[in-house]
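Shown next, in structure tokens, is the structure this report addresses.
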Amino acid sequence: MVWKILGTGSAIIAGIAATKVADQIWQKAGQDRAFDPKDPDSPFTTALAYAALTGLAAGVARTMATRKAAQYYAKSAGHKPGAIRDHDL
């Protein structure tokens, strides 16, 4: 139960933070601040590039946050969480 809360919570927070970072990178790259990838009138290639950037950032952030949460859990509990017990960290 503790692992589910810790693992899921860290992944959600990391995903939100990664999306905000990706938005800042998007703007610093000179892209339009008002760009909406859900708008059917926006260019498809731009929407695809934005989706790739945010997806990569969120995936990396969630993976790293989940790994750190598992390391913290293992250090605190003395064993890996049951969901990943068969795998090395």
Side-chain angles (χ1 to χ4, degrees):
M1 180 71 157
V2 172
W3 167 245
K4 287 183 182 183
I5 294 169
L6 186 62
T8 303
S10 65
I12 290 171
I13 291 170
I16 292 169
T19 302
K20 291 183 187 242
V21 169
D23 286 342
Q24 290 177 352
I25 292 170
W26 184 256
Q27 291 172 6
K28 288 189 182 205
Q31 299 299 322
D32 187 11
R33 288 180 183 226
F35 173 72
D36 184 6
K38 297 173 282 202
D39 183 0
D41 294 331
S42 65
F44 177 73
T45 55
T46 306
L48 188 61
Y50 180 80
L53 174 65
T54 56
L56 177 65
V60 168
R62 279 188 298 219
T63 298
M64 298 308 294
T66 302
R67 287 178 58 90
K68 288 297 180 184
Q71 287 173 346
Y72 176 78
Y73 180 92
K75 185 185 277 187
S76 298
H79 58 83
K80 293 179 190 177
I84 60 171
R85 193 167 291 154
D86 296 334
H87 306 288
D88 289 330
L89 293 178

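All residue numbers in this chain count up from 1 along the given sequence.
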* Mind checking whether Leu56 and Met64 sit in one hydrophobic cluster, side chains of I, L, V, M, F, W, Y counted as touching below 4.5 Å? -> yes
* To do: Compare every heavy atom of Ala47 with every heavy atom of Pro37, then report the nearest pair and how far apart it is.
  => O-CB, 4.0 Å
* **Tyr50 and Asp36, any side-chain heavy atoms less than 4.5 Å apart** => no
* Please answer whether the main-chain N or O of Ala51 pairs with a side-chain N or O of Thr54 as donor and acceptor at a distance below 3.5 Å. => yes
* To do: Rounded to the nearest 0.5 Å, what's the gap from OG1 on Thr8 to CD1 on Ile13? Could you check?
  => 11.0 Å
* Structure fact -> Heavy-atom closest pair (Arg62 atom, Ala11 atom, distance to 0.1 Å) is CG-O, 3.2 Å
* List the atom of Ala14, the atom of Ala65, and the distance in Å for their closest heavy-atom pair. => CB-CB, 3.6 Å
* So, does Ser76 use its side chain to make a donor-acceptor pair with the main chain of Tyr73 at under 3.5 Å? -> no
